[in-house]
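All remarks here apply to the structure that follows.
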Amino acid sequence: MIKDIYRILTREFEDLNSDWWPADSAFERVVGAILVQQTRWESVEKVLAVLKKRGLLTPKAMSSVSLEELEELVRPVGFYRQKARYLKGVASYFSANPEKATFSLPADRLRREMLSLDGIGKETADAILLYAADKPKFVVDAYATRMLGCLGVKGGYEQIQEKFGRALGEDLHAYKRYHAFIVEHGKRYCNRKKCGECAVARYMAGENV
DNA sequence: CTCCAGGAGTGTA
DNA sequence: TACACTCATGGA
């Protein structure tokens, strides 16, 4: 079923290429992963542009800026006080441990390291693993949970993640594209108004799509 | 006006 | 383990 959905979404988003999550550095992706929590990406882009213009998209610079200034800069993304605090903590971590910034640790250990940081939960940790460290880990976001729930599949984070993991194996590119597909698909269809009006729902209804 | 977005931390049972 | 609550701006 997971692979069938992947095939359907691949056809739905033929034009979606690999720069779905644009960034000049891995650290910029880490910052973006935190800023985008419960927030629209359009707001994150504006903040990232300002941070970049000020030269703050490096661990050293971001860990050095004052908390008050960082709060004002990230305010447009919402939850700005905690996110500013999270960013400073993460920046300090990478600044104090430059060797960690290469993400050369094994995936499972890197995941534990990320989860130990304040502000990085399961989804953000996996987003960092996949898009910053190039590890084949599936990112289970609200859309993925919603979509499977709509199809009658329920389960916790790891349970859902394993379903995708068994279907995708070690195909890093597939993990990246699949998550992007689900997000874009979810924005269109996985809401109260349009739930069920998509090709995935038609597939589950038994139609040939 | 209401609703909610690519979550996470904390407290309670 | 399983929820409820809180954090917050900005766009539709």
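In what follows, every chain begins at residue 1, and chains take the letters A, B, ... in the order their sequences are listed.
- Between A/E71 and A/R85 there is no salt bridge, since no side-chain N of the basic residue sits under 4.0 Å from a carboxylate O of the acidic one.
- Within 4.0 Å of A/E123, counting heavy atoms only, lie sugar-phosphate atoms of the nucleic acid but no base atom.
- Protein atom OH of A/Y80 is 22 Å distant from nucleotide atom P of B/dA5, rounded to whole Å.
- Cation-pi geometry between A/R75 and A/Y80 is satisfied (NZ or CZ under 6.0 Å from the ring centre, within 45° of the ring normal).
- If you check C/dT9, B/dG7, B/dG6 against the side chain of A/V183, the one that comes closest is B/dG6.
- Each of B/dG7, B/dA5, B/dC3 was ranked by its minimum atom distance to the side chain of A/A142; first place goes to B/dG7.
- Distances shorter than 4.0 Å separate none of the side-chain N or O atoms of A/R188 from OP1 or OP2 on B/dA5.
- Listed pair A/Q37 / B/dG7 fails the phosphate criterion, with no side-chain N or O lying under 4.0 Å from OP1 or OP2.
- Phosphate proximity of C/dC7 to A/R81: absent, as no side-chain N or O sits under 4.0 Å from OP1 or OP2.
- Listed nucleotides: B/dG9, B/dG7, B/dA5. Nearest to the side chain of A/D118: B/dG9.
- Heavy atoms of A/R85 sit nowhere under 4.0 angstrom from any nucleic acid atom.
- The side chain of A/K46 contributes an N or O atom lying less than 4.0 Å from OP1 or OP2 of C/dG11.
- For the pair A/D108 and A/R111, the salt-bridge criterion is not met [side-chain N within less than 4.0 Å of a carboxylate O].
- Between A/D24 and A/K52 there is a salt bridge, since a side-chain N of the basic residue sits under 4.0 Å from a carboxylate O of the acidic one.
- Using a 5.5 Å limit on the distance between ring centres and a 30° limit on the angle between planes, the aromatic ring of A/F79 does not count as stacked on the six-membered base ring of B/dA8.
- In summary, the side chains of A/D126 and A/Y157 do present a donor paired with an acceptor at a separation below 3.5 Å, with no hydrogens or angles considered.
- Rounded to a whole Å, the NZ atom of A/K187 is 13 Å from the C1' atom of B/dC4.
- In this structure, CG of A/L87 is placed 19 Å from P of C/dC7, rounded to the nearest angstrom.
- Checking the phosphate oxygens (OP1, OP2) of C/dG11, no side-chain nitrogen or oxygen of A/S43 falls inside 4.0 Å.
- Across B/dG9, B/dG7, B/dG6, the shortest atom-to-atom separation from the side chain of A/R40 is found for B/dG6.
- In this structure, A/K193 places its NZ atom 12 Å from C1' of B/dC3, rounding to the nearest Å.
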